[in-house]
Amino acid sequence: MGLVSGGIAMLCDKKFLIGVVAALLIGVIPVCSQTESRPHVIIVGVNGMEWDIIRPLLLKGELHNFAEVIQRGVYGKMKTLSAPNCPKVYSSIATSTPPEENGITGFVVAGKTASTDMLKREPLWSILSKHGVTVGMANVPATFPVMPLNGYMISGMLTRGKGCEDGILCSPKLSEVKGEAVYPSSMIAELEMNVGDFWIDCSRMPAAEELKGKEAEAIDHWLQQVSQVRAQQAKLFDYLLSHHRTDFTMLVQSCEDRVGHWLYPIQPYNAGYDSTLHSVRVDAFPDQYRAFDQVLGKILQYVDRNTYLFIISDHGIKPLREFEEGRRLYHSAHDHGGNTPIIAKHDFEDGDDVPGIFIAIGPNIKRDVRLMGFTVSVFDIAPTILNLYGVAQPTQMKGRVLSEIFENLRSQPAEPSVR
C-alpha cells in the first residue's frame with residue numbers, strides 16, 4: 001500500500017494516516033449515535049467541463065438532468081489555478097492548499113509521476129475518515145496508490161499498469177494494474193464480478209502517425225472506446241452508490257477532457273485546424289456532455305431531499321490561441337505531451353481564462369441562483385464539506401466555507417484559516 005509502506009515517511013503530517021490506520025485496525029473510529037444522522041454528500045467531478053459548450057446544449061434542451069440540477073441549486077464559475085491540470089487541481093481541491101504546499105504540482109513531480117506518496121497535506125477524505133465519516137472514492141485523479149480510509153477508494157488518472165508504466169494519460173484495466181488501485185483489496189474480486197474488468201481511466205488520443213491517411217477510421221475507433229469507458233464508469237458508479245453507500249462519495253470522469261483536447265469543435269481560423277481531422281466528428285465534444293447527462297441521471301436516482309450534490313470541474317478548456325502559442329516566452333508546452341494533435345488546452349498561464357464549474361443542490365441550498373464572478377475557488381470545496389459534517393477546518397487550508405450558497409448554514413467551529 002503506497003502510503004502505508006513507504007509514503008508515510010514522505011508526509012509532512014505523519015500522524016494523520018497512522019491514526020486512521022490504527023483506528024481502522026482496532027475499530028475505534030467514532031460513530032454518531034443512532035439519533036444523529038450525518039449529511040449525505042456526493043461530489044461528481046468532470047475534468048475539463050466547459051461552459052461554452054454546455055450553454056448551447058442547455059438552450060436547446062438537450063441536457064435535461066443538468067438543467068434540472070441548475071434550477072434546483074446554485075451554479076457558476078469556479079476559480080482554478082494558474083496553468084491548471086487535473087492532478088494539480090484535484091490535489092488542491094482535496095487539501096485546500098496550493099500545489100507548492102501539498103506536493104502535487106502536476107503530472108510529473110521531480111521527474112516522477114505524481115502519486116499519493118507525495119502528499120504533504122492531509123486530504124479531505126482522510127480528515128473525514130478520522131472523524132467517523134464513511135468515505136467512498138472512485139476515479140479521482142492522483143489517488144494512486146490508494147490510501148486506507150473509513151470506506152473504499154478506487155484510483156483514477158495516473159494509475160500505473162500494463163502498457164501504462166508511467167501512468168500518464170493511459171488506461172490500464174483493473175486486472176492490469178501494477179500496485180494498489182483498490183482499497184480494501186478484498187473489494188477487487190467483488191468489482192470484477194459485478195462491474196467487470198473496467199478501464200481505470202480514459203486513454204490517450206491517437207498519435208499523429210496513427211491518424212495520417214485514416215483520420216475517420218481512427219477517430220471512430222477511439223470514440224467507440226471512449227463510449228465503452230464511460231459505460232463502464234457509469235456501471236461502476238451505479239454499483240457503488242447502490243451497494244456501498246457512504247456518507248461522503250466522490251466520483252470523477254475524465255473522457256470529456258480527452259475529447260476536448262483533440263476534437264474541440266474549432267473553426268478553420270483557429271490555431272491547429274486540420275480539415276481532414278476536425279471536420280470528421282464536429283459533435284464529438286458536445287456529445288460527451290450529452291452522454292454525461294445520462295450518467296448524471298443515474299446518479300440523481302441516489303440523490304434524495306436530504307442529499308447534497310456538488311458537480312465540479314477542475315478547469316475548463318479552450319481552443320489554442322495562435323498569438324500566444326507563438327510567443328517563445330509563453331508557457332506553450334501543453335500538459336499532455338507526445339505528438340497527439342492537440343487543438344484545445346487548459347494549461348493557460350492565466351487560469352481565469354479556463355474557469356472550472358461549480359453547481360450545488362441540497363438541504364438549505366438556494367435555488368436557481370447564479371454565482372457571479374469568481375465567488376467559488378478550488379480551495380473552498382474541502383472547507384465547505386468539512387463544515388457540513390461539523391469538522392473544524394485545519395489552519396493550513398486556504399479556502400473558506402461557501403456560506404452564501406445556503407439559505408441557513410449552521411456555523412461549525414473552525415480554526416482560523418488564511419484565504
**Student:** So Leu320 and Asn270, do their side chains get closer than 4.5 Å, heavy atoms only?
**Tutor:**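 Side-chain contact under 4.5 Å: no.
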
**Student:** Hey, mind stepping through Leu169 and Phe107 against side-chain contact (heavy atoms from CB on, under 4.5 Å) and telling me if it holds?
**Tutor:** CA-CA 9 Å; Leu169 300 174; Phe107 284 93; 4.2 Å; yes

**Student:** Which pair of non-hydrogen atoms, one from Ile104 and one from Pro99, has the smallest distance, and what is that distance?
**Tutor:**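 Closest pair (atom of Ile104, atom of Pro99, distance): O-CB, 3.4 Å.
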
**Student:** Any side-chain donor paired with an acceptor under 3.5 Å for Thr134 and Asn150?
**Tutor:**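 The criterion, which ignores hydrogens and geometry beyond distance, is not satisfied for Asn150 and Thr134.
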
**Student:** Show the nearest heavy-atom pair for residues Ser313 and Val46, with the distance to one decimal.
**Tutor:**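 What the structure gives for the nearest pair is CB-O, 3.0 Å.
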
**Student:** side-chain contact (heavy atoms from CB on, under 4.5 Å) between Phe292 and Met49: does it pass, once the steps are laid out?
**Tutor:** CA-CA 10 Å; Phe292 167 70; Met49 181 177 278; 3.7 Å; yes

**Student:** Can you give me the closest heavy-atom contact between Leu300 and Glu68, atom names plus distance?
**Tutor:**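 Closest approach of Leu300 to Glu68: CD1-OE1, 4.2 Å.
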
**Student:** What's the shortest heavy-atom distance between Pro145 and Thr116, and which atoms?
**Tutor:**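 It is O-OG1, 2.6 Å.
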
**Student:** Do any N or O atoms from the side chain of Ser171 and from the backbone of Trp199 form a donor-acceptor pair under 3.5 angstrom?
**Tutor:**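 Side chain of Ser171 to backbone of Trp199: no pair is present.
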
**Student:** Are side-chain heavy atoms of Ile42 and Tyr308 found at a separation under 4.5 Å?
**Tutor:**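 No; the side chains remain at least 4.5 Å from each other.
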
**Student:** As an exercise, state the distance from CG of Asn47 to CD1 of Ile312, rounded to the nearest 0.5 Å.
**Tutor:**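 The CD1 atom of Ile312 is 9.5 Å from CG of Asn47, to the nearest 0.5 Å.
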
**Student:** If a pair satisfies salt bridge (charged side-chain N to carboxylate O under 4.0 Å, His left out) and one of its residues is in residues 142-169, list it, with sequence neighbours excluded.
**Tutor:**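 Every pair satisfying salt bridge (charged side-chain N to carboxylate O under 4.0 Å, His left out) with a residue in residues 142-169: Glu165-Lys178.
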
**Student:** Any chance CD of Gln225 has more than 12 other-residue heavy atoms, nucleotides or ligands included, within less than 6.0 Å?
**Tutor:**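 Check passes, neighbour count above 12.
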
**Student:** Please check: side-chain N/O of Thr375 versus main-chain N/O of Leu371, any donor-acceptor pairing under 3.5 Å?
**Tutor:**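 The answer is no, because no donor-acceptor pair under 3.5 Å joins these two groups.
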
**Student:** To the nearest 0.5 Å, what is the distance between CD1 (Ile200) and OG (Ser254)?
**Tutor:**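 Going from CD1 on Ile200 over to OG on Ser254, the span is 11.5 Å.
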
**Student:** Using a strict 4.0 Å threshold on nitrogen-to-oxygen distance, state whether Arg290 and Asp287 make a salt bridge.
**Tutor:**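 The answer is yes: the pair qualifies as a salt bridge.
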
**Student:** Check this for me: does any side-chain nitrogen of one of Lys130 and Glu122 sit under 4.0 Å from a carboxylate oxygen of the other?
**Tutor:**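 The answer is yes: the pair qualifies as a salt bridge.
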
**Student:** Does Arg38 pair with Asp247 as a salt bridge, N-O distance under 4.0 Å?
**Tutor:**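 Answer for the salt bridge query: yes.
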
**Student:** Are Lys77 and Asp352 within salt-bridge range, i.e. N to O under 4.0 Å?
**Tutor:**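 Salt bridge absent between Lys77 and Asp352.
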
**Student:** Where do Leu124 and Phe248 land on the side-chain contact (heavy atoms from CB on, under 4.5 Å) test, with the steps shown first?
**Tutor:** CA-CA 10 Å; Leu124 174 63; Phe248 172 83; 3.8 Å; yes

**Student:** Residues in side-chain contact (heavy atoms from CB on, under 4.5 Å) with Gln71, at least two apart?
**Tutor:**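 So Gln71 forms no side-chain contact (heavy atoms from CB on, under 4.5 Å) with any residue.
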
**Student:** May I ask you to decide if Asp314's main-chain N or O and Thr80's side chain share a donor-acceptor pair within less than 3.5 Å?
**Tutor:**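 Confirmed, Thr80 side chain pairs with Asp314 backbone.
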
**Student:** Are Asp201 and Arg258 within salt-bridge range, i.e. N to O under 4.0 Å?
**Tutor:**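 The answer is yes: the pair qualifies as a salt bridge.
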
**Student:** How long is the straight-line distance from CG of Leu236 back to CG of Leu174, given to the nearest 0.5 Å?
**Tutor:**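 Leu174 CG to Leu236 CG: 9.5 Å, rounded to 0.5 Å.
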
**Student:** Leu386 and Ala392: which non-hydrogen atoms are nearest, and at how many Å?
**Tutor:**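 Smallest heavy-atom distance, with atoms named: CD1-O, 4.3 Å.
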
**Student:** Indicate whether any N or O donor in one side chain lies under 3.5 Å from an N or O acceptor in the other, for Thr246 and Thr249.
**Tutor:**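 Result is yes, a qualifying pair exists.
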
**Student:** Does one side chain, of Asp304 or Thr307, offer a donor that lies under 3.5 Å from an acceptor on the other?
**Tutor:**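 Yes, a side-chain donor-acceptor pair sits under 3.5 Å.
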
**Student:** Kindly compute the distance separating SG (Cys170) from CZ (Arg204), expressed to the nearest 0.5 Å.
**Tutor:**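 Cys170 atom SG to Arg204 atom CZ measures 7.0 Å (nearest 0.5 Å).
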
**Student:** Are Asp238 and Tyr302 close enough that a side-chain donor and a side-chain acceptor fall under 3.5 Å?
**Tutor:**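 Yes, because at least one side-chain N or O of Asp238 sits under 3.5 Å from a partner of the opposite role on Tyr302.
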
**Student:** Check this for me: does any side-chain nitrogen of one of Lys120 and Glu101 sit under 4.0 Å from a carboxylate oxygen of the other?
**Tutor:**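 No, this pair does not count.
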
**Student:** Under the ring-ring contact (aromatic ring centres under 6.0 Å, His included) rule, what pairs show up with a residue in residues 216-235, not counting sequence neighbours?
**Tutor:**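 The answer is Trp222-Trp262.
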
**Student:** Exactly one of Ile385, Val140, Asn139, Ile381 should register a side-chain contact (heavy atoms from CB on, under 4.5 Å) with Met250. Which one does?
**Tutor:**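 Exactly one pass, corresponding to Val140.
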
**Student:** For Lys318, does the NZ atom sit with more than 12 other heavy atoms under 6.0 Å from it, leaving out its own atoms?
**Tutor:**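 Yes.
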
**Student:** Please test Arg230 against Gln294 for side chain to side chain donor-acceptor pair (under 3.5 Å), starting from the C-alpha separation and ending with a verdict.
**Tutor:** CA-CA 10 Å; Arg230 187 185 300 282; Gln294 299 304 309; over 6 Å; no

**Student:** Assess the side chains of Glu256 and His261: does a donor N or O sit below 3.5 Å from an acceptor N or O?
**Tutor:**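 No.
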
**Student:** Nearest heavy-atom pair of Lys366 and Glu404: which atoms, and what distance?
**Tutor:**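 Between these two residues, the closest heavy atoms are NZ-O, 2.9 Å.
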
**Student:** Kindly indicate, with the supporting measurements, whether the criterion side-chain contact (heavy atoms from CB on, under 4.5 Å) is fulfilled by Phe66 and Tyr289.
**Tutor:** CA-CA 9 Å; Phe66 204 88; Tyr289 296 118; over 6 Å; no

**Student:** Nearest 0.5 Å, please: how far is CE in Met193 from CD1 in Ile188?
**Tutor:**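 Rounded to the nearest 0.5 Å, the CD1-CE separation comes to 13.5 Å.
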
**Student:** May I ask you to decide if Pro98's main-chain N or O and Lys88's side chain share a donor-acceptor pair within less than 3.5 Å?
**Tutor:**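 No, the answer is negative, given that no donor and acceptor are paired below the 3.5 Å cut-off.
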
**Student:** Look at the side chain of Ser82 and the backbone N and O of Glu349, then say whether any donor-acceptor pair between them is shorter than 3.5 Å.
**Tutor:**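 Side chain of Ser82 to backbone of Glu349: a pair is present.
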
**Student:** Is it true that Asp368 and Tyr75 share a donor-acceptor pair across their side chains at a distance under 3.5 Å?
**Tutor:**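 Side chains of Tyr75 and Asp368: no pair found under 3.5 Å.
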
**Student:** Centre of Phe348's six-membered ring, under 6.0 Å away, within 45 degrees of the axis: is that where NZ or CZ of Lys345 sits?
**Tutor:**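 Ring-cation test returns yes.
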
**Student:** Does the plane of the ring in Tyr152 sit parallel, tilted or perpendicular to the ring in His244? Use 30° and 60° as the thresholds.
**Tutor:**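 Ring orientation, 0 to 90° scale: perpendicular.
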
**Student:** With a 4.5 Å heavy-atom cut-off, do Leu158 and Pro141 have their side chains touching?
**Tutor:**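 Result no, sub-4.5 Å side-chain heavy-atom pair not found.
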
**Student:** Please confirm whether the backbone N or O of Asn85 pairs with a side-chain atom of Asp347, one donor and one acceptor, at under 3.5 Å?
**Tutor:**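 Side chain of Asp347 to backbone of Asn85, a donor-acceptor pair under 3.5 Å: no, none is there.
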
**Student:** Is it true that a side-chain atom of His64 and a backbone atom of Gly61 form a donor plus acceptor pair closer than 3.5 Å?
**Tutor:**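 Here the side-chain-to-backbone pair exists.
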
**Student:** Do Glu50 side-chain atoms and Ile317 backbone N/O form a donor-acceptor pair below 3.5 Å?
**Tutor:**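 Checked: pair present.
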
**Student:** Is a side-chain donor or acceptor of His346 paired with a backbone partner of His315 at a separation under 3.5 angstrom?
**Tutor:**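 No: the side chain of His346 does not pair with the backbone of His315.
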
**Student:** Quick one: pull up OG in Ser175 and CD in Glu192 and give me the separation to the nearest 0.5 Å.
**Tutor:**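 Interatomic distance, Ser175 OG to Glu192 CD, rounded to 0.5 Å: 6.5 Å.
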
**Student:** Cation-pi check for Phe374 against Lys79: NZ or CZ below 6.0 Å from the six-membered ring centre and within 45 degrees of the axis, yes or no?
**Tutor:**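 Satisfied, under 6.0 Å and within 45°.
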
**Student:** Would you check if the side chain of Gln393 reaches a backbone N or O of Gly399 as a donor-acceptor pair within less than 3.5 Å?
**Tutor:**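 The answer is yes, because a donor-acceptor pair under 3.5 Å joins these two groups.
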
